[in-house]
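Data first, discussion second: the structure below is written as structure tokens.
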There are 2 protein chains.
Amino acid sequence: MSKKRRPTLQDVANIVGVTKMTISRYLRDPQQVSSEMQKKISLAVEELGYIPNRAPDLLSNAKSHAIGILVPSLTNQVFSEVIRGIERVTEAAGYQTMFAHYGYSAELEEKRISFLLSYHIDGLILSESHHTPRTLKMIETAGIPVIEMMDVASPAIEQAVGVDNLEASYQMVSAMIAKGYQHIVYLGARLDTRTKLRQQGYEKAMREHGLSCKSMMTEAASSFSLGAELLTRTLAAHPKTDGLFCTNDDLAIGAIFEAQRMGLKIPEQIAVAGFHGHDIGQSMVPKLATVVTPREKIGQVTAQQLIARLAGEAITEAVIDLGVEIRHGESI
Amino acid sequence: MSKKRRPTLQDVANIVGVTKMTISRYLRDPQQVSSEMQKKISLAVEELGYIPNRAPDLLSNAKSHAIGILVPSLTNQVFSEVIRGIERVTEAAGYQTMFAHYGYSAELEEKRISFLLSYHIDGLILSESHHTPRTLKMIETAGIPVIEMMDVASPAIEQAVGVDNLEASYQMVSAMIAKGYQHIVYLGARLDTRTKLRQQGYEKAMREHGLSCKSMMTEAASSFSLGAELLTRTLAAHPKTDGLFCTNDDLAIGAIFEAQRMGLKIPEQIAVAGFHGHDIGQSMVPKLATVVTPREKIGQVTAQQLIARLAGEAITEAVIDLGVEIRHGESI
DNA sequence: TATTGTTATGTTACAGGTAACATTCCATAG
DNA sequence: CTATGGAATGTTACCTGTAACATAACAATA
């Protein structure tokens with residue numbers, strides 16, 4: 001009994017009694033072979049359960065029609081929505097996607113990019129503008145189009161699509177100040193690039209109004225329970241706190257739940273604002289004040305730009321800022 | 001000016017003045033070449049920014065050390081946690097992961113599997129036990145180990161790791177009935193296999209106590225706002241409802257928020273239970289009653305089993321049931 | 001009938017890393 | 001001084017699909 005081997009085009013060809021070239025043609029476009037041949041090949045392919053093999057293609061430097069997508073985290077709802085936007089476009093354009101995530105670490109990002117490039121992706125989408133030198137070198141060497149998503153402040157490579165996190169935060173905190181809150185504290189977790197930008201936006205608004213900046217930060221990953229914990233710590237450290245600007249909705253919602261447990265009235269005793277505008281913020285009581293980011297649209301526009309460039313078009317806009325919406329909700 | 005080309009081992013070899021075989025050895029295990037050669041090659045590799053190329057490897061039927069992972073949805077928090085569990089194990093074992101998602105469609109699953117197999121993955125993890133005939137054929141032909149995650153009721157291939165969704169739901173609904181709720185309605189969305197199993201568990205418990213079954217279902221994807229909507233529709237259709245068993249936490253939480261808006265007391269006027277035990281359920285007020293599934297552990301055990309089989313071990317347990325915990329919380 | 005075109009299929013060469021085997025060179029033992 | 005062994009490096013063949021070119025067979029036209 002011979003060991004089973006993955007069937008090749010040659011195996012199909014042997015059954016049909018033609019060369020593998022004919023099978024190859026059939027698989028790419030059945031019209032290219034005669035109609036009786038189509039039937040015969042179709043049967044043989046089904047019989048063997050032939051599985052396409054990309055290896056030879058990759059080897060001969062053909063286009064892979066695959067694009068690589070790097071996100072910091074899969075657990076983060078934000079990126080699942082961005083990915084949905086990307087795929088809506090890539091799917092329609094006949095491109096396949098290969099994801100990887102790097103846990104907010106530039107070193108891991110480097111590894112993942114190397115992995116994706118080793119599979120000859122045609123284009124690459126990143127979620128960060130900070131990379132290791134080796135990453136930059138690899139990308140240059142690979143010579144494929146690259147787009148950085150999410151923030152537009154300081155693109156490191158060729159093109160960026162996203163929002164201005166600093167400016168958006170500045171606007172939200174300004175709105176809170178305009179409503180009369182004076183002792184606003186910034187809640188941050190997982191100190192990545194965008195978290196820092198949001199903190200800067202917070203500080204800009206506070207300073208502009210002569211208010212003092214206070215932050216409660218941790219390197220732990222965001223979660224609802226972390227938001228609860230940060231509220232407790234904030235009130236212990238700064239009892240006069242009357243507002244929270246949180247780096248994302250999860251922290252904000254966790255803080256609101258904890259405030260409810262403590263019997264604090266929102267927003268009368270403490271105002272809370274988040275970042276992103278997830279569905280849950282609109283369902284909960286009170287409705288969450290938040291900076292609504294166009295997550296799915298970021299994905300769509302990024303994918304459209306990348307595909308245009310894969311089709312040979314030049315970059316027309318190196319930076320595409322899709323803007324945010326300040327939603328007041330009921331919590332400020 | 002010549003068009004840039006991705007550097008090959010030969011290019012590195014030319015710079016160093018040896019054959020590419022020496023470079024190949026260095027890259028896989030630097031110890032295999034002399035120490036002065038190590039330095040020279042290292043420099044040349046950096047200079048060119050050499051990127052590994054998996055194509056030749058794939059072509060010669062080498063192990064890819066990559067495993068494919070198929071999940072129905074990336075938006076679904078459940079699967080990000082399962083993936084985290086998988087990666088904790090694969091990362092340590094030196095395996096790389098390639099994800100894909102198929103939007104709960106068996107046809108799309110087939111496409112994705114074909115895609116992953118075309119890249120010569122060594123093993124495959126699925127999240128479903130229902131597949132197209134062609135999928136089954138492909139998997140058989142590929143001859144690689146496959147594990148089905150999530151539910152253990154009716155594995156279709158070789159091995160399954162997960163929980164018993166029907167039994168778990170039966171237990172939760174029984175617990176609700178034991179507390180005195182009589183008019184419990186089942187809330188379901190996106191009618192996939194597991195949702196149906198949970199409904200069956202609900203029905204088994206209700207029938208056993210001579211209570212009548214009522215369901216409020218939709219094919220839309222789960223969300224918090226959908227939970228709110230389903231509650232409204234449920235109360236309109238069945239005014240006497242005093243309990244909800246929801247197919248997941250999102251629906252349950254959305255329903256609770258809506259009940260709060262309506263001024264309904266939980267659990268006095270209406271009890272609500274969810275499924276999975278996400279972090280948010282423990283933070284919110286009231287704490288959510290839920291069936292806690294060992295999501296990360298499912299991932300870990302699945303990966304461990306797969307890697308053991310890749311190492312040549314035989315299947316010792318075709319079905320691994322990791323069990324659930326019934327958490328009463330404050331909402332029933 | 002000779003010519004041209006068209007459709008269907010065949011032939012050849014190639015992509016880049018690595019397993020398996022071969023060679024070279026030098027140190028040490030006999 | 002030769003023989004032996006081992007470390008370092010070289011040589012060859014191979015994996016599979018497809019672009020590019022070649023050929024065959026037959027229909028349509030001059």
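Residue numbering restarts at 1 for every chain, and letters A, B, ... go by the order of the sequence lines. As the structure is a prediction and not an experimental result, all values here were calculated from the model.
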_Flag side-chain contact, heavy atom, 4.5 Å: B:Val71 against B:Ile83_ = yes

*So, A:His65 and A:Gln96: side-chain donor and acceptor under 3.5 Å apart, yes or no?*
no

*Below 4.0 angstrom from OP1 or OP2 of D:dA7, is there any side-chain N or O of B:Ser34?*
no

_If the helix axis at each end comes from five base pairs, how far does the helix from C:dT1-D:dA30 to C:dG30-D:dC1 deviate from straight, to 10°?_
50°

*In terms of side-chain heavy atoms, does B:His120 have a donor or acceptor partner in A:Asn53 at a distance below 3.5 Å?*
yes

*In whole Å, what is the span from the CG atom of B:Leu117 to the P atom of D:dT16?*
16 Å

*Step by step, work out the salt bridge (Lys or Arg N to Asp or Glu O under 4.0 Å) result for A:Glu91 and B:Arg112.*
CA-CA 12 Å; A:Glu91 195 86 5; B:Arg112 302 298 194 224; 3.6 Å; yes

*Between atom NZ in B:Lys63 and atom C1' in D:dC15, what is the gap in whole Å?*
14 Å

*Give a yes or no on whether the ring-centroid distance for B:Phe79 and B:His101 is below 6.0 angstrom.*
no

*asked:* Just by distance, no angles: are the side chains of A:Tyr102 and A:Glu128 close enough, under 3.5 Å, to form a donor-acceptor pair?
replied: yes

*So which heavy atom on A:Ser64 is nearest to which on A:Arg54, and how close?*
O-NH2, 2.6 Å

*Whole-Å distance separating the OH atom of B:Tyr119 from the P atom of D:dT16*: 18 Å

*In whole Å, what is the span from the NE2 atom of A:His120 to the C1' atom of D:dT18?*
16 Å

*Would you kindly give the CG-to-P distance between A:Asp29 and C:dT9, to the nearest whole Å?*
13 Å

*Check each of A:Asn14, A:Val18, A:Asp11, A:Thr8 against A:Ile23 using the side-chain contact (heavy atoms from CB on, under 4.5 Å) test, and report the only one that passes.*
A:Val18

*Round to a whole Å and report the spacing from CD of A:Glu36 to P of C:dT7.*
17 Å

_Under 4.0 Å protein heavy-atom contacts per nucleotide of nucleotides 14-19 of chain C, with B for base, S for backbone only and - for none_ = -BBBBB

*A:Gln32 has an atom CD; how far is it from atom P of D:dA20, in whole Å?*
13 Å

*Between C:dA8 and A:Thr22, is there an OP1 or OP2 to side-chain N/O distance shorter than 4.0 Å?*
no

*Does a donor on one side chain and an acceptor on the other come within less than 3.5 Å for A:Gln77 and B:Gln77?*
no

_Expressed as a whole number of angstroms, how long is the span from A:Tyr26:OH to D:dG17:P?_
16 Å

